Number of protein chains: 2
Amino acid sequence: MKKRQYSCGLDAAVDVVGGKWKALLLWELHHGPRRFGELRRRVAGISEKMLIQQLREMEKAGLVDRKVHEQVPPKVVYSLTSFGDSLNTALIPLGEWGEVHMETIEAIPRD
Amino acid sequence: MKKRQYSCGLDAAVDVVGGKWKALLLWELHHGPRRFGELRRRVAGISEKMLIQQLREMEKAGLVDRKVHEQVPPKVVYSLTSFGDSLNTALIPLGEWGEVHMETIEAIPRD
DNA sequence: TAGGGTACTTACCTTTTCGTTTGTGGAGGA
DNA sequence: TCCTCCACAAACGAAAAGGTAAGTACCCTA
């Protein structure tokens, strides 16, 4: 979330789903509601700080729903809203493209 | 382009198209081949440094083709490869999602 | 003769993003 | 009693991304 004025829909969408973790979290939540600790374990390499940061941003954006179960130890469950689900649906072709061309993408030189 | 190991296709695709400018450039080139100066004028707000940097990265990734016409003054034309075009096709649903929800996205608070 | 267009390149700086570490407070298990 | 788990929070620094400004070499137009 950096801009206010977008030049096209794609611009806006990439702004919402951009960054290192949001796409992965969307994908993981697509499989079903998840607790904080579950997400931390299933999304490889994410730190707790990044996880909570991304979740908060996605909550603000209306993509995910955060439900607190008042109990000890605490239990918080995150799930996709219908808005988040619609974004996920729109991302499916892109995900398939990525899978098909995975080897090509991995072979891109980076310097 | 930062990682080598992707956990899913979506992860890889977002890595390729991520950042502030690549989606806009892909979209612009989707309308047809463009010269450097044309892109600079049509993609609002981009600096020459960013433009050439992104174009070079997209060239390395095999998304765009760079054709130099040896003449004075110089003339360089950029166009999508079939690989770049396939990415663009995969991005269409996302672009449509962004257009449909543009107002919602613009209303997301950023602090 | 001055200014603008052609397509870049380089240096420097600021902003944003990402990662690491430490700490909270109560509860249950060895 | 110590350790771990739960779901965070806060501080700090590194790294990456992005922005600004200037320079290059040549040509055409006014």
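Values below: all heavy atoms of this structure, side chains included; hydrogens, waters and symmetry mates excluded. None of the values given here were measured: they were computed from a predicted structure. Residue numbers begin at 1 in each chain, while the letters A, B, ... track the order of the sequences.
Taking the six-membered ring where tryptophan is involved, the planes of His101(B) and Trp97(B) are tilted, since the angle between them lies from 30° to 60°.
Residue Leu24(B) contributes atom CG, which lies 12 Å from atom P of dG18(D) at whole-angstrom precision. The distance between atom CD of Gln53(B) and atom P of dT20(D), rounded to the nearest whole Å, is 14 Å. dA7(C) atom P lies 13 Å from atom CZ of Arg34(B), rounded to whole Å. As rounded to whole Å, 14 Å separates atom P of dA27(C) from atom CD of Glu70(A). Rounded to an integer number of Å, the gap from CG of Leu51(B) to C1' of dG19(D) is 14 Å. Protein atom CD of Gln71(A) is 12 Å distant from nucleotide atom P of dG28(C), rounded to whole Å.
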Return a table of donor-acceptor pairs under 3.5 angstrom between the side chains of residues 63-81 of chain B and protein atoms on other chains or two or more places apart.
{"residue": "Arg66(B)", "atom": "NE", "partner": "Tyr78(B)", "partner atom": "OH", "Å": "3.3"}
{"residue": "Thr81(B)", "atom": "OG1", "partner": "Gly62(B)", "partner atom": "O", "Å": "2.6"}
{"residue": "Thr81(B)", "atom": "OG1", "partner": "Leu63(B)", "partner atom": "O", "Å": "3.0"}
{"residue": "Thr81(B)", "atom": "OG1", "partner": "Phe83(B)", "partner atom": "N", "Å": "3.3"}
{"residue": "Thr81(B)", "atom": "OG1", "partner": "Gly84(B)", "partner atom": "N", "Å": "3.0"}

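Listed by chain and residue number, Phe36(B), Glu48(B), Leu51(B) satisfy the side-chain contact (heavy atoms from CB on, under 4.5 Å) test with Arg40(B) (two or more places apart in sequence, or in another chain). Scanning for side chain to side chain donor-acceptor pair (under 3.5 Å) contacts around Arg35(A) gives an empty result, with sequence neighbours left out. Under the side-chain contact (heavy atoms from CB on, under 4.5 Å) criterion, Glu99(B) pairs with no residue, sequence neighbours left out. Residues passing the side chain to side chain donor-acceptor pair (under 3.5 Å) test with Gln54(A) are Lys22(A), sequence neighbours excluded.
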Counting primed atoms plus P, OP1 and OP2 as sugar-phosphate and everything else as base, spell out the protein contacts along nucleotides 2-12 of chain D at 4.0 Å heavy-atom distance: B, S or - for each nucleotide, 5' to 3'.
----BSBS-B-
